[in-house]
Structures are given as structure tokens and as C-alpha cells.
Amino acid sequence: MILVGVDGSRAGLEAVSWATREAALRDVPLIVAHVVPRWAYETTTGGYAEVAAWMRAGGKTVLAAAEDRARTEEPKISVRTTFLPDDPRAALIEAAQSADLLVVGSHGLGGVRGRLVGSVAYGVAGRAACDVVVVRPPLPAPAGEIVAGVDGSQASPQVLAFAFAEAQLHGARLRVVHVRACQGGLDPAYPGGEQDGLSALKEALNTLRARHRDVPVVEELVHGHPAEVLRQAATGADLLVVGSHGHGTFAGMVLGSVSHALLHHAPCPLAVVRTAR
């Protein structure tokens, strides 16, 4: 099941479009969710009943528009709409417990002017139990390429597995960009155990190549700032795939610094693969 959150914004509708196509390719149901405050969801009498009813009616309109978009694009998929009562981040995280994928727009109606990513997108990436895709409008024209950013950390095999599966589904080429962060010159800024990480990365890549023989793969090794390298690599791509954590993540951080930066700057839809700290 794919869960997509909508709020009436353009980014939300673009997220529905992306999620609809993905549900059709995966042959799974699509659940379209709109979140309202719990008090508005539950209040039917009293002084605020009229306001609550207005908010619920607005939510129904948002859901109807999203469902219409989904059915227009993929008439044969199973689509269901639902209200979720709570804070949007908490509600979507809870609802995504049983989802294969959570999809949200990069901005919502409540976004602060000038911010490149909304609080909901940031709040669910790295916290949801499933992988998260953040869609920034406008959706790029299909280019037939998916980019996976890896760094040799423990997250890399999971990132590669997701990226290979997506490339197989979309009939796309997979571009694996192995980024080696630098600290002065070209000295890799890696912690100890680098060789073990690189060996595991190579093993995972070979295993997935054998499993997805129809997927054309291009490998690149690039030195530089990881977020900037991946931003440039993903320009014109259909999807950029990264892990929620990689090298250099501080204990207690919900997202790694690279995935955090790319939430703001990725030039295409961004998949944040759920990985352990």
C-alpha cells in the first residue's frame, strides 16, 4: 500500500500524481490522506461546531480533487481516501506504519514563504517506519534515469536495493554515484572501517546486478561535498535515492546531514530510504 498526504496545495497534487503512477507500477492500493486537527474532526456540537464542519467540508473537497487526479491518471488502480485526525506529521507517521511507501509534497499550504521544504516533509522523512518520497513541483519530464547516492556506510545496500527495484519498475537506467566526502584536497573524510564499508557496497552492488539483469547500471566515483555532488547528479533525473543516515551522522539526529540538505535542494523527487542510525 502507498500512502500519500494531501492538503490542497500544488505540491500535494503533484505528490498524488507521482504516488498514483508508483501504485500502478507496483500493483498496490493507493490511500489518499488529509489531516485535520483532532478537535475539528470530533466536534459536532457547541460554539465551534460550525468552524469544525467547515474544516471537514474543506477536507472533503481536497480529498475529492486528489482522488479525481489519481483516477484520471490511472483508472484501474484501487484508490481510497481517508481523514486523519491529529498533527499532520504525527498522523502520517502513524498511518504509514502499515505502508510500503509514504509520499508527500515538498511544501504545504502552511509553508513559510521562502522555505524550500515544508515542516511535514521534513517531519516524516527519517521518522516514518517506511521509506518516504518527497515530491517538489513541477514533476520533471520522464528522463529514464534514477540516481542512487551511496557513501559506503551501512545504509548503502538498502539504498541500492530500493534504487534497483525502482529502476526495474520504471524501465530506467540506474546511475550509482559513490560520493567520497573530502576535507582539504582529495583526502576522503571517512571514519575508520572504510574498507569494510566499500567491500560491503561492492558485494551489494554485484548481488543486485545479478538480480536485476535488465537494469542498465552506470557507476561513478566522485570526490566532493556529498549534497552538492548528488544535487548536480540528479539534475534531469526521475528520482534521487538516498539513505536517511550515512557517514557523519550525529547520535540523536533524525536525518543525516546529506538527506537533510537534499530535502531542500534536490532537483527531482527524493526518496529517503529508512535506514538505522
Side-chain angles (χ1 to χ4, degrees), residues 11 89 92-93 96 101-107 111-112 114-136 146-163 166 175-198 200-201 204 219-235 237 239-277:
R89 291 158 294 189
L92 289 172
I93 289 170
L101 192 65
L102 171 60
V103 183
V104 295
S106 59
H107 287 82
V112 178
R115 291 186 62 179
L116 297 177
V117 66
S119 61
V120 173
Y122 178 74
V124 300
R127 288 183 173 90
C130 63
D131 304 322
V132 176
V133 172
V134 178
V135 178
R136 177 175 288 111
I146 288 171
V147 176
V150 295
D151 60 2
S153 68
Q154 293 180 349
S156 295
Q158 293 166 267
V159 171
L160 285 174
F162 183 97
E166 285 297 292
R175 186 176 172 194
V176 178
V177 181
H178 179 195
V179 186
R180 299 184 73 174
C182 300
Q183 290 179 341
L186 291 179
D187 296 327
Y190 273 5
E194 175 187 353
Q195 290 305 315
D196 290 343
L198 295 179
L201 174 60
E219 296 180 62
E220 296 180 3
L221 173 62
V222 184
H223 294 81
H225 187 283
E228 179 59 20
V229 167
L230 293 175
R231 184 192 67 79
Q232 293 183 16
T235 300
L239 181 69
L240 172 59
V241 185
V242 297
S244 59
H245 296 84
H247 283 310
T249 300
F250 292 100
M253 286 184 67
V254 175
L255 278 178
S257 59
V258 174
S259 49
H260 186 178
L262 288 169
L263 279 174
H264 293 270
H265 301 294
C268 64
L270 174 70
V272 180
V273 176
R274 187 77 167 98
T275 52
R277 292 184 182 82

Problem set entry | Separation of Cys268 SG from Leu239 CG (nearest 0.5 Å) | 6.0 Å
Seminar exercise, completed: Heavy-atom nearest pair, Tyr122 first then Arg127, reads O-NH1, 3.8 Å
For this session: Give a yes or no on whether the backbone of Gly126 and the side-chain of Ser244 come within a donor-acceptor separation of less than 3.5 Å.
Result: no
Exercise. What are the two closest non-hydrogen atoms of Arg231 and His265, and how far apart are they?
Worked result: CG-O, 3.4 Å
Exercise. What's the shortest heavy-atom distance between Ser259 and Leu270, and which atoms?
Worked result: O-CD2, 4.4 Å
Problem set entry | From Arg175 atom CZ to Leu240 atom CG, the distance as rounded to the nearest 0.5 Å | 10.5 Å
Exercise. For the atom pair CD (Glu166) and CG (Leu101), what is the distance rounded to the nearest 0.5 Å?
Worked result: 7.5 Å
For this session: Kindly determine whether Leu262 and Val134 satisfy side chain to side chain contact (heavy atoms under 4.5 Å, CB included), including the steps that lead there.
Result: CA-CA 10 Å; Leu262 288 169; Val134 178; over 6 Å; no
Problem set entry | Closest non-hydrogen atom pair, Val159 against Val242 | CG2-C, 3.7 Å
For this session: Output, in order, the C-alpha distance, side-chain angles, deciding distance and verdict of side chain to side chain contact (heavy atoms under 4.5 Å, CB included) for Phe162 and Ile146.
Result: CA-CA 11 Å; Phe162 183 97; Ile146 288 171; over 6 Å; no
For this session: State, to 0.1 Å, how close Pro269 and Val133 come at their nearest heavy-atom pair, and which atoms those are.
Result: CB-CG1, 4.4 Å
Seminar exercise, completed: Of all heavy-atom pairs linking His223 and Val229, the shortest is O-CG2, 4.4 Å
For this session: Flag the pair Arg274 / Cys130 as yes when at least one side-chain heavy-atom distance between them is below 4.5 Å, and no otherwise.
Result: no
Exercise. Would you call Gln158 and Gln154 a side-chain contact if the rule is heavy atoms closer than 4.5 Å?
Worked result: no
